[in-house]
Asker: 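The structure that follows is given in the form of structure tokens.
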Number of protein chains: 2
Amino acid sequence: MPTHYKGTQREVDTLNAFIKLMRASNSISNRLSRKMSEENITESQFGILEALYHLGCQNQRELGAKILKSGGNITMVIDNLIKRGYVERKQNPEDRRAVIISLTKEGEKFIEKYFPVHLNNIVHEFSALTSEELETLAALCKKVGKAE
Amino acid sequence: MPTHYKGTQREVDTLNAFIKLMRASNSISNRLSRKMSEENITESQFGILEALYHLGCQNQRELGAKILKSGGNITMVIDNLIKRGYVERKQNPEDRRAVIISLTKEGEKFIEKYFPVHLNNIVHEFSALTSEELETLAALCKKVGKAE
DNA sequence: TCCGGGTTGTTTAATATTAAACAAATGGCG
DNA sequence: CGCCATTTGTTTAATATTAAACAACCCGGA
């Protein structure tokens, strides 16, 4: 057994919060992903569909910023969504570099059908928390990582 | 603009907490990963090294449970750590299916050098929270996802 | 003793993801 | 106008990840 690094109280508390945060989000993410895969959809694909549904048409750069994935990845996720007929690429007449990604009827139908199911799965994941705890958790998470 | 699903108050609060939780953990994870890549190490590799350092030798199944990754993935992560000389596989005389993964001197040296740096990066990420908030966050995250 | 179900790890095939190099387009400034 | 830095998206090469099929092994009960 190695001798371990002894941190300050602040370091110990931070590490504990970090580990618990990561573990919670990874567990939830893994379980939700498994359920999504029953619909043959990935987390990233769902994130794109949701952004388009709730926020309307956007270009790929904006979508990438929303789901925190690289530009190259977005190209592939969109390609796969196009293959399934859920979204389409349109030329942007005002900027020929950019494209406009929008939901197809098919995509809209899918998200309208699946979003309530997904939301239900999420509600189940958080069922151990009271409403007040939910708010506290949201507020704390919002504060985290704001340091520059 | 599509008409949107109107949820109950509980659903709205849950969704908000979920989004903030995911966003916080993904942002932190992305930033930490980028720093780790300067040391040519991945998050999973670091997770394994840390588990071995703090908890001692383990077999691959146990390591997989710790970092929440699939068995097949663990095989590859360990392979890569072996290539770098940070860990080694030993036969378990008591169970010939299992292997014992342990840190090499090299691996121990690395984790002892890099862990404080990593911890410092984490502390920076959480610097916007008071110590009390850290504890609250940890406690709430621990409660989440416990539903079955 | 032997069989069968469960455990541990590996392999395979398919996808996901990233960084880096690249191409095309924009926009500002000389 | 013409150039150059920036922006947007794609491609490429490398790695990560998973589920599923597989092989070797363990163990308990018939």
Side-chain angles (χ1 to χ4, degrees), chain A residues 22 25-27 29-49 57-84 86-102, chain B residues 22 25-27 29-49 57-84 86-102:
Chain A
M22 286 304 162
S25 72
N26 288 337
S27 303
S29 174
N30 284 347
R31 282 193 292 259
L32 292 177
S33 283
R34 212 157 302 141
K35 297 203 176 173
M36 285 186 212
S37 75
E38 293 167 14
E39 302 283 333
N40 268 314
I41 202 154
T42 69
E43 235 178 325
S44 289
Q45 287 175 2
F46 185 79
I48 298 287
L49 293 179
C57 307
Q58 297 163 65
N59 67 26
Q60 295 192 182
R61 185 193 54 75
E62 293 169 310
L63 289 170
K66 244 138 225 154
I67 69 167
L68 303 179
K69 293 288 151 69
S70 68
N73 183 240
I74 298 296
T75 297
M76 149 151 291
V77 175
I78 298 290
D79 284 349
N80 288 334
L81 284 171
I82 288 174
K83 272 185 211 150
R84 308 202 38 182
Y86 285 174
V87 306
E88 54 194 357
R89 279 195 181 92
K90 289 178 195 154
Q91 278 292 330
N92 182 346
E94 302 182 356
D95 185 341
R96 280 194 294 166
R97 288 169 306 183
V99 296
I100 300 175
I101 309 294
S102 60
Chain B
M22 287 303 161
S25 74
N26 288 337
S27 303
S29 174
N30 284 346
R31 284 192 293 260
L32 292 176
S33 283
R34 212 159 300 141
K35 298 203 174 171
M36 285 186 212
S37 74
E38 292 166 14
E39 302 283 333
N40 267 315
I41 201 154
T42 69
E43 235 179 324
S44 289
Q45 287 174 3
F46 184 79
I48 298 287
L49 292 179
C57 308
Q58 297 163 67
N59 67 27
Q60 296 191 181
R61 185 193 54 75
E62 292 169 312
L63 289 170
K66 244 138 223 153
I67 69 167
L68 302 179
K69 293 288 151 69
S70 68
N73 183 240
I74 298 296
T75 296
M76 147 152 291
V77 175
I78 298 289
D79 285 350
N80 289 333
L81 284 171
I82 288 173
K83 272 187 209 148
R84 308 201 39 182
Y86 286 174
V87 306
E88 53 194 356
R89 279 195 182 93
K90 288 178 195 154
Q91 278 293 330
N92 182 346
E94 302 182 357
D95 185 341
R96 282 194 294 167
R97 285 169 309 182
V99 296
I100 299 175
I101 310 295
S102 59

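Side-chain atoms are counted along with the backbone in the values below, which use heavy atoms only and exclude waters and symmetry mates. Predicted, not measured: the structure shown is a model, and the values here were computed from it.
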Asker: OG/A/Ser33 to CD/A/Glu38 distance, rounded to the nearest 0.5 angstrom?
Answerer: 11.5 Å
Asker: Closest heavy-atom contact between A/Asn59 and A/Val99?
Answerer: CB-O, 3.0 Å
Asker: Taking OP1 and OP2 of D/dT10, is either one under 4.0 Å from a side-chain nitrogen or oxygen of A/Gln60?
Answerer: yes
Asker: Expressed as a whole number of angstroms, how long is the span from A/Leu63:CG to D/dG9:C1'?
Answerer: 12 Å
Asker: Between A/Arg89 and A/Gln60, does the side chain to side chain contact (heavy atoms under 4.5 Å, CB included) criterion hold? Intermediate values first, please.
Answerer: CA-CA 10 Å; A/Arg89 279 195 181 92; A/Gln60 295 192 182; 3.0 Å; yes
Asker: Check the distance between C/dG9's P and B/Ile100's CD1 and give it to me in whole angstrom.
Answerer: 10 Å
Asker: Which heavy-atom pair separates B/Ser102 from B/Lys90 by the least distance, and what is that distance?
Answerer: OG-NZ, 3.5 Å
Asker: Quick one: which of D/dT8, C/dT8, D/dT18 gets closest to the side chain of B/Lys69?
Answerer: D/dT18
Asker: Would you say C/dA16 has OP1 or OP2 under 4.0 Å from some side-chain N or O of A/Asn80?
Answerer: yes
Asker: Give a yes/no on whether any side-chain N or O of A/Ser37 is located under 4.0 angstrom from OP1 or OP2 of D/dT18.
Answerer: no
Asker: Could you pull out the closest heavy-atom pair between A/Leu68 and B/Ser27, with the gap in Å?
Answerer: CD1-OG, 3.9 Å
Asker: Provide, to the nearest angstrom, the distance between the CE atom belonging to B/Met76 and the P atom belonging to C/dA16.
Answerer: 18 Å
Asker: Taking atom P of C/dT15 as reference, at what distance in whole Å does atom CD1 of A/Ile78 sit?
Answerer: 17 Å
Asker: Contacts to DNA chain D from residues 89-98 of chain B, heavy-atom cutoff under 4.0 Å, which residues?
Answerer: B/Asp95, B/Arg96, B/Arg97
Asker: With nearest nucleotide decided by heavy atoms, which residue, B/Ile74 or A/Leu68, maps closer to the 5′ end of DNA chain C?
Answerer: B/Ile74
Asker: Reading DNA chain D from 5' onward, which residue's closest nucleotide shows up sooner: A/Asn59 or A/Asn30?
Answerer: A/Asn59
Asker: Atom CG of B/Asp79 to atom P of C/dT10: distance rounded to whole Å?
Answerer: 7 Å
Asker: Rounded to whole angstrom units, what separation is found between the CG atom of B/Asn73 and the P atom of C/dG9?
Answerer: 14 Å
Asker: Any idea which heavy atoms bring B/Ile78 and B/Ile48 closest together, and the distance?
Answerer: CD1-CG2, 4.0 Å
Asker: B/Ile100 and B/Gln91: which non-hydrogen atoms are nearest, and at how many Å?
Answerer: CD1-O, 4.2 Å
Asker: Tell me: CZ of B/Arg61 to C1' of D/dC26, nearest whole Å?
Answerer: 14 Å
Asker: Can you tell me how far C1' of D/dT17 sits from CD1 of B/Ile67, to the nearest Å?
Answerer: 11 Å
Asker: If you round to the nearest 0.5 Å, how far is OG of B/Ser44 from CG of B/Leu63?
Answerer: 11.5 Å
Asker: If you check every side-chain atom of A/Thr75, which of D/dT11, C/dT10, C/dT8 has the closest atom?
Answerer: D/dT11
Asker: Any base atoms under 4.0 Å from A/Gln45, or only sugar-phosphate, or nothing? Heavy atoms, all strands.
Answerer: sugar-phosphate
Asker: So what does B/Thr42 hit on the nucleic acid, given a heavy-atom distance under 4.0 Å: a base, only sugar-phosphate, or nothing?
Answerer: sugar-phosphate
Asker: Using a cut-off of 4.0 Å on non-hydrogen atoms, how would the nucleic acid contact of A/Glu62 be classed: base, sugar-phosphate, or nothing?
Answerer: nothing
